[in-house]
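Read through the structure below, which is laid out as structure tokens, and then see the notes.
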There are 2 protein chains.
Amino acid sequence: MKATVHIMLKNGVLDPQGKAIGHALEGLGFEEVGAVRQGKVIELEIADGTDKARIEEMCEKLLANPVIEDYKIDLAS
Amino acid sequence: MKATVHIMLKNGVLDPQGKAIGHALEGLGFEEVGAVRQGKVIELEIADGTDKARIEEMCEKLLANPVIEDYKIDLAS
């Protein structure tokens with residue numbers, strides 16, 4: 001089965017990379033764009049029947065920095 | 001409205017960052033993990049009524065490298 005983890009900076013944490021993308025888009029003439037935020041997505045192939053709690057453990061220990069990042073886990077078989 | 005763009009390396013393109021995450025997870029005892037791939041997610045605040053084609057243009061011009069990356073656009077109002 002497959003797990004997809006989305007990791008985004010928490011609201012209120014400065015995101016200079018997102019800001020840079022926003023400015024670049026504006027410079028290219030995309031003026032309909034407002035705030036931009038960039039995050040990570042990690043796709044994991046995992047053994048069938050793996051518990052979501054196990055993926056949460058991976059996030060807490062390695063994949064995300066829970067101090068400044070939020071994560072969201074989607075499981076698909 | 002909000003647009004979310006997922007950018008992943010195309011199948012067949014080496015993903016050393018994903019490989020490194022996979023090895024690190026294995027080293028931490030998460031042996032149920034197989035292949036890992038890392039990508040980017042970009043969240044854009046855009047003016048209401050913006051066409052999806054416009055977001056595609058942003059992807060082609062700036063957000064993704066269409067030679068080695070695939071992108072997927074989700075629009076939400």
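Numbered from 1 within each chain, the chains take letters A, B, ... in sequence-line order.
- Remark: the Y71(A) side chain and the E60(A) side chain contain an N/O donor-acceptor pair separated by less than 3.5 Å.
- Under the 4.5 Å side-chain heavy-atom criterion for grouping Ile, Leu, Val, Met, Phe, Trp and Tyr, L25(A) is connected to I73(B) within one hydrophobic cluster.
- Between chain B and the options K40(A), Q38(A), Q17(A), E32(A), the largest number of non-hydrogen pairs under 4.5 Å is found for E32(A).
- Hydrophobic clustering (ILVMFWY, side-chain heavy atoms < 4.5 Å, transitive): M8(A) and V13(A) are in distinct clusters.
- Residue E69(B) places its CD atom among more than 12 non-hydrogen atoms of other residues, nucleotides or ligands, all under 6.0 Å distant.
- Per-residue heavy-atom pair counts under 4.5 Å with chain A were compared for K61(B), K2(B), H6(B), E31(B), and the maximum is reached by H6(B).
- Ranking L28(A), D48(A), V36(A), I7(A) against chain B, the residue ahead of the rest is V36(A), based on heavy-atom pairs under 4.5 Å.
- Per-residue heavy-atom pair counts under 4.5 Å with chain B were compared for V41(A), L44(A), I42(A), L62(A), and the maximum is reached by V41(A).
- In this structure, the side chain of R37(B) engages the main chain of K10(B) through a donor-acceptor pair within 3.5 Å.
- There is no contact between I55(A) and chain B, counting heavy-atom distances below 4.5 Å.
- In this structure, the portions of E57(B) lying under 4.5 Å from any heavy atom of chain A include both its backbone and its side chain.
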